[in-house]
**Q** 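Questions regarding the structure given below will be posed in turn.
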Amino acid sequence: MEPGSEPQLDSSQETETLVKRLAGPSSGKAGLALDQTEINRIIAEASKGSKFYDNEKRKDKELTERINRIKKEKDESMRGVDIRKVEAAVDQLLVQLEAQRDLSQIIVHVDMDAFFASVELLYNPELAGKPFGVGRGVLTTASYEARKYGVRSGMPGFIAKKLCPDLILVSNNFSRYAEMSAKVMNVFRRYDSNMCPAGSDEAYLNITEYSVMHGLTAEACVQEMRKAVHAETQLSVSAGIAPNKNKPNGQFQIPFDSASIKAFMHHLSIRKVPGIGRVNERLLESIGIKTCGDIYTHRVVISVMDKRFGLKFLLQTHLGIASNIVEPHLREERKSIGAERTFSSLGDKEKVLQKLQEIAAELEKDMSRNGWTGRTVTLKYKLDTYQVFTRAKTFDRYVFTKEELYLVSPLAACVQYYYE
DNA sequence: GCGGATCAC
DNA sequence: TATGGTGATCCGC
C-alpha cells in the first residue's frame, strides 16, 4: 500500500459510515422519509463541530478498525479449512434446527402507532395533521407528518427543527402515557392473561388458547382486539401474527408453514432482527451478509468464526425460528435498578457531589418503594466529551439507604479522582 | 467480579 | 447554543 493512498480511502469510507451513524439508530427504519441521503447530510451538517460529533467520529473509527481486525482474523481462520466438510456439518445442524420448528403457537406482537404522539393528539386535537415532535431536548417520538421530513425519536429538537422548520415541539406527559398504557395493556390481557409487556407501547401475546376457546381465527381475534383498543382508548395499534416472537414487518400475518417463513426471511434485512443493531449490522456486512438469506451463503465463515458471530443464532434467524414462549417478567427476576441524569454543566466538585447525593436519594426512594436491594453499586459517569465510564463495587452485604449508596459506594472516590 | 460495549424501547 | 433514561446481556479479562 502506497503511503498516502490508504488514508484517503479510509477517510472517505469513514465519512459514509459516520454520516449514517450520526442519523441515529432509528433512522431509515421506516421508509417514510423522502430522501434519506439528503436527510443524513443535513443531520451531519448540523452536528459538525460539536463534541457529540467528535465522539461519534471516534467511535466510528474504532468500529472500522475493529472490522479490519475481524477481516484479517477471517482470512487466517479460513486458511486450510475443508469447506465441503464444514458445509456438510452446518447443513446437518440446519436439519436438526428445522426438525425443532414449532408451528403450534399463535404469537402476536402488538405495537401502538406513534404512541406518545397519539396520546398528545387526544389532549390537543389542534395538532391533527401537523408535524410535531414530543419531548424537549431529545424527542421521544414524532408525528407521522414530522416523520416525512426525517424527524425521528431520539433526535435532538434543534436538529429536528433543521429538517422541518415548521415543527411544533410539545413536552412529554409521562403520567398520561402510563395511564393510557395501563388501559391498553388491560385490553391485551383479556386475550392472553399471561401476556408480556415490552415497554409502555408494545406487548407479546400468545392467543392460541383464546382463539380455540372462541372458535376464532388468529386474524379475527386480532381484528377484534384492535377494535377494542380503539373503542376504549381512541388509539390505534398494529399487530404481527406469527408462530414465534420475531414480528413480521408491519401489520401482517405470515402463513404458518416452513416454506413461507423461509421465503419471508430471505430478503429481510439483518438489521430488522432483534439483537442486530447498528454495530452488528456493520460487522455482518463486512463478511457479505445484508439479508437473512445471505446467512446461508456465508455459513462456512460464520461456522469457522462461531464464537464471534454465533452460528446457531444466525441459522435460526435464517430459518425464521425464534422463541415462542410468552410470559411476563417476574419481579424476582429483576437484575438491577438505577437512576441517571445528564447535566448541561455541573460546576465544581462540591456541586457534583451534591448532585450525586440527590441521585442517591432518588434511587433510595425507588428501591424502598418496592423493597428492592442489592450488593453491587455502580457509578456511571459521562464527560462533556460524551465518553462514558463505569465504576462498580460489590459489598458482602445488601445496601439500600442513600447514605450507603452514596458514601459506602465508590462514587465519591471516582469524582475525587476526576477532579485531581 | 469489573469495565466496556451493544441493544431495545 | 444544543444529542435522554432504564434495564439487560455479552465479552474479555
Side-chain angles (χ1 to χ4, degrees), chain A residues 21-27 29 43-44 46-60 62-63 66 70 109-112 114-116 133-141 151-163 169 171-172 174 177 181 196-204 245-247 271-284 307-310 313 329 331 333-345 359 362-363 366-367 372 374-382 384-396 410 414:
Chain A
R21 165 184 278 272
L22 286 165
S26 63
S27 79
K29 259 196 172 176
I43 295 172
S47 293
K48 213 158 231 167
S50 66
K51 287 178 178 173
F52 181 84
Y53 178 93
D54 292 341
N55 189 54
E56 292 299 297
K57 192 172 170 180
R58 175 184 65 83
K59 288 200 289 192
D60 188 68
E62 282 172 10
L63 180 54
R66 189 177 153 200
I70 289 172
H109 179 254
V110 282
D111 193 337
M112 304 302 298
F115 183 51
F116 291 4
V134 183
R136 305 257 175 221
V138 169
L139 305 185
T140 53
T141 188
V151 178
R152 291 284 181 277
S153 65
M155 181 178 279
F158 77 95
I159 292 199
K161 273 276 190 185
K162 283 236 159 58
L163 290 170
L169 290 173
S171 295
N172 288 305
F174 290 110
Y177 313 145
S181 176
C196 179
S200 63
D201 71 330
E202 272 186 46
Y204 290 96
K245 295 203 277 189
N246 279 3
K247 66 165 172 173
R271 182 67 174 82
K272 304 263 186 192
V273 177
I276 312 252
R278 288 187 293 173
V279 172
N280 282 312
E281 178 188 27
R282 275 193 66 189
L283 292 185
L284 288 166
K307 207 160 172 349
R308 182 159 313 276
F309 292 112
F313 168 75
H329 297 124
R331 181 191 180 289
E333 290 176 88
R334 185 101 181 227
K335 301 283 197 309
S336 73
I337 181 168
E340 60 183 77
R341 203 77 50 219
T342 296
F343 305 96
S344 48
S345 80
I359 292 170
E362 182 185 325
L363 188 52
D366 274 10
M367 291 172 73
W372 283 317
R375 287 175 50 230
T376 304
V377 181
T378 303
L379 166 71
K380 175 177 159 185
Y381 58 104
K382 183 160 78 176
D384 62 0
T385 58
Y386 292 92
Q387 283 174 289
V388 176
F389 302 87
T390 61
R391 291 293 177 269
K393 184 162 173 57
T394 301
F395 298 93
D396 52 10
C414 284

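Every chain is numbered from 1 and lettered A, B, ... according to where its sequence line falls, protein lines coming before strand lines. Scope of the values below: all heavy atoms of this structure, side chains included, with no hydrogens, waters or symmetry mates.
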**Q** About how many Å separate NZ of A/K380 and CZ of A/R391, when rounded to the nearest 0.5 Å?
**A** 14.0 Å
**Q** For B/dT6 and A/K59 - does any side-chain N or O of the residue sit under 4.0 Å from the phosphate oxygens OP1/OP2?
**A** no
**Q** How many whole angstroms separate atom CG of A/L363 from atom C1' of C/dG7?
**A**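 Nearest whole value for this atom pair: 13 Å.
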**Q** Starting at CZ of A/F116 and ending at P of C/dG4, how long is that distance when rounded to a whole Å?
**A**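 It works out to 17 Å between those atoms.
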**Q** Can you tell me if A/N172 and A/T140 form a side-chain donor-acceptor pair at under 3.5 Å?
**A**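 The criterion, which ignores hydrogens and geometry beyond distance, is satisfied for A/T140 and A/N172.
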**Q** Looking at A/S153, does any N or O in its side chain come under 4.0 Å of the phosphate oxygens OP1/OP2 on B/dC9?
**A** no
**Q** Hey, is the side chain of A/Y386 poking within less than 4.0 Å of OP1 or OP2 on C/dT3, counting only N and O atoms?
**A** yes
**Q** Which nucleotide in the list B/dC9, B/dG3, C/dT6 gets nearest to the side chain of A/K380?
**A**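 Nearest to the side chain of A/K380 among the choices is C/dT6.
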**Q** Can you figure out which of C/dG4, C/dT3, B/dG3 approaches the side chain of A/F52 most closely?
**A**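 Closest nucleotide among those given: C/dT3.
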**Q** Mind checking A/G277 for me? I need base, sugar-phosphate or nothing, with any heavy atom below 4.0 Å counting as a touch.
**A** sugar-phosphate
**Q** Hydrogens and angles aside, do A/R152 and A/S26 bring a side-chain donor and acceptor to less than 3.5 Å of each other?
**A** no
**Q** Can you tell which of B/dC9, C/dT3, C/dG5 lies closest to the side chain of A/T342?
**A**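 Given the options B/dC9, C/dT3, C/dG5, the side chain of A/T342 is closest to C/dG5.
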**Q** Between A/E62 and A/K59, is there a side-chain N and carboxylate O pair less than 4.0 Å apart?
**A**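 The answer is no: the pair does not qualify as a salt bridge.
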**Q** Using whole Å, report how far CG of A/L169 lies from C1' of C/dA2.
**A**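 Whole-Å distance recorded here is 13 Å.
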**Q** Which nucleotide sits closest to the side chain of A/T390: B/dG3, C/dT3, C/dG4?
**A**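 Selected nucleotide (nearest to the side chain): B/dG3.
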**Q** Measure the distance from CD on A/Q387 to P on C/dT3 and round it to the nearest whole Å.
**A** 16 Å
**Q** Do A/T376 and A/T394 have a side chain donor and acceptor closer than 3.5 Å?
**A** yes
**Q** In whole Å, what separates the C1' atom of B/dC7 from that of C/dG4?
**A** 15 Å
**Q** Between A/R66 and A/G199, which residue's closest nucleotide on DNA chain B lies nearer the 5′ terminus?
**A** A/R66
**Q** For DNA chain C, whose closest nucleotide is more 5', that of A/F158 or that of A/W372?
**A** A/F158
**Q** Just how far, in rounded Å, is P of B/dA8 from CZ of A/R278?
**A**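 One finds 10 Å between P of B/dA8 and CZ of A/R278, rounded.
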**Q** Rounded to whole Å, how long is the line connecting atom CG of A/N55 with atom P of B/dA5?
**A** 10 Å
**Q** Students often get this wrong, so: under 4.0 angstrom with heavy atoms, is A/A339 touching a base, only sugar-phosphate, or nothing?
**A** sugar-phosphate
**Q** Any sub-3.5 Å donor-acceptor pair from A/R375's side-chain atoms to A/K393's backbone N or O?
**A** no
**Q** May I ask you to verify whether the side chain of A/S47 and the base of C/dT3 hold a donor-acceptor pair under 3.5 Å?
**A**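 Between C/dT3 and A/S47, which were checked side chain against base, a qualifying N/O pair under 3.5 Å is present.
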**Q** Students often get this wrong, so: under 4.0 angstrom with heavy atoms, is A/K382 touching a base, only sugar-phosphate, or nothing?
**A** sugar-phosphate
**Q** B/dC7, OP1 or OP2 - any side-chain N/O from A/N280 closer than 4.0 Å?
**A**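 Indeed, a polar side-chain atom of A/N280 lies that close.
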**Q** Give A/Y53 one of three labels, base, sugar-phosphate or nothing, depending on what nucleic acid heavy atoms sit under 4.0 Å from its own.
**A** nothing
**Q** Checking ring pair (Phe, Tyr, Trp, His ring centres under 6.0 Å) against A/Y381, which of A/Y386, A/F343, A/F389 comes through?
**A**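 One option only clears the test, and that one is A/F389.
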**Q** Any donor and acceptor pair, going by atom type alone, linking the side chain of A/S50 with main-chain N or O of A/S47 inside 3.5 Å?
**A**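 Yes, the answer is positive, given that a donor and an acceptor are paired below the 3.5 Å cut-off.
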**Q** Partners of A/K48 by salt bridge (Lys or Arg N to Asp or Glu O under 4.0 Å), sequence neighbours excluded?
**A** none
**Q** When you check every protein heavy atom under 4.0 Å of nucleotides 8-13 of chain C, what one-letter string (B, S, -) results, 5' to 3'?
**A** SS--S-
**Q** Grab the CZ-P distance between A/R271 and B/dC7 for me, whole Å please.
**A** 7 Å
**Q** A/I159 has an atom CD1; how far is it from atom C1' of C/dT1, in whole Å?
**A** 12 Å
**Q** Hey, does the side chain of A/T394 come within less than 4.0 Å of B/dC2's phosphate (OP1/OP2), counting only N and O?
**A** yes
**Q** So A/R136, base contact, sugar-phosphate only, or nothing? Heavy-atom distance under 4.0 Å.
**A** nothing
